[in-house]
Amino acid sequence: MALQALLETIEKLHKLHRSLLEISRLKTDHLKANDMDGLQKQLLAEKKHVQAVAQLEKLRIKQTAAFAVASGLPVPSTVSELLEQITDQKLALRFEHELIGLTETVTELKKQEALNQQLLEQSMQFLQISLDMLAPSIQSLNYGTPNQDQQRPQNRTLFDSKA
């Protein structure tokens, strides 16, 4: 029974990570469209999902330890180690399927978030360049007379009368 509850928790984790991946893709679309309001909404949704993932992960750790203690097995540090200890092949296959799917989803989520990070960095660089172009330079801030050498035109003739 504890093993079934653990499997359900892993399935919920997988579902939440798929949802996080979809949010991450929406964030990419909002970044590309420069839609800050939409991005802000996605960030709030992402925050809620991350909190839910953290709670489920704590529950998964407790359930893993409870199963190990109830079975008289050493407490595994990972779910993969727990997978090796499951004797029911059908249940082990379901666990393996969910774990592989969860791992693939997390990997894809990391790639998507790396893309979002790059987009944000490029946006910040563009903004910095734009601000640098709009900001006045130090020379234009001086209100004094310009250098005398630049103001006087050079009046040289071909014939030097002093020679």
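- If you take CD on E11 and CG on L102, they are separated by 11.0 Å, rounding to the nearest 0.5 Å.
- At least one side-chain heavy atom of R25 sits under 4.5 Å from a side-chain heavy atom of E108.
- The residue from Q118, Q117, Q125 that alone fulfils the side chain to side chain donor-acceptor pair (under 3.5 Å) condition with E121 is Q117.
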I'd like a table of donor-acceptor pairs (distance under 3.5 Å, sequence neighbours excluded) in which one partner is a side-chain atom from residues 41-52, with atom names and distances.
{"from": "E46", "atom 1": "OE1", "to": "K27", "atom 2": "NZ", "distance (Å)": "3.2"}
{"from": "E46", "atom 1": "OE2", "to": "K27", "atom 2": "NZ", "distance (Å)": "2.9"}
{"from": "H49", "atom 1": "ND1", "to": "A45", "atom 2": "O", "distance (Å)": "2.9"}
{"from": "H49", "atom 1": "NE2", "to": "S19", "atom 2": "OG", "distance (Å)": "2.7"}

Check against salt bridge (charged side-chain N to carboxylate O under 4.0 Å, His left out), R60 and E57 = CA-CA 5 Å; R60 184 203 58 82; E57 186 61 23; 2.6 Å; yes
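- Between L7 and Q4 there is a side-chain heavy-atom pair separated by less than 4.5 Å.
- The two residues R18 and T105 have their closest heavy-atom pair at N-CG2, 3.6 Å.
- Within the model, atoms NE2 of H14 and OG1 of T9 stand 14.5 Å from one another, a figure rounded to the nearest 0.5 Å.
- Heavy atoms from other residues, nucleotides or ligands lying under 6.0 Å from CE of M124 number 12 at most.
- We find the CD1-CD distance between I10 and E98 to be 8.0 Å, quoted to the nearest 0.5 Å.
- Looking at residues two or more places apart in sequence or on another chain, you find a side chain to side chain contact (heavy atoms under 4.5 Å, CB included) between T107 and T103, K111.
- Neither L127 nor L39 shares a network with the other; the hydrophobic side chains, linked directly or stepwise wherever heavy atoms of I, L, V, M, F, W or Y lie under 4.5 Å apart, form separate groups for each.
- L31 and N116 get closest at one heavy-atom pair: CD1-O, 3.9 Å.
- Minimum heavy-atom separation, S24 to Q112: OG-CG, 2.9 Å.
- Note: the hydrophobic cluster containing L16 does not contain L26 (ILVMFWY, side chain heavy atoms under 4.5 Å, direct or indirect links).
- In the hydrophobic clustering of ILVMFWY residues, with side-chain heavy atoms under 4.5 Å counting as a link, I23 and L109 come out apart.
- The cluster map of Ile, Leu, Val, Met, Phe, Trp and Tyr, joined by side-chain heavy atoms under 4.5 Å apart, puts L59 and L13 in the same cluster.
- Residue F95 comes nearest to I86 through the heavy atom pair CD1-CD1, 3.5 Å, listed as atom of the first residue, atom of the second, then distance.
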Could you give me the CA-CA distance, side-chain angles and deciding distance for K110 and V106, then say whether side chain to side chain contact (heavy atoms under 4.5 Å, CB included) is met?
-> CA-CA 6 Å; K110 285 181 181 181; V106 169; 4.0 Å; yes
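- With values rounded to the nearest 0.5 angstrom, K58 atom NZ is found 7.5 Å from Q55 atom CD.
- Clustering ILVMFWY residues whenever any of their side-chain heavy atoms sit less than 4.5 angstrom apart, transitively, puts L119 in a cluster other than the one holding L20.
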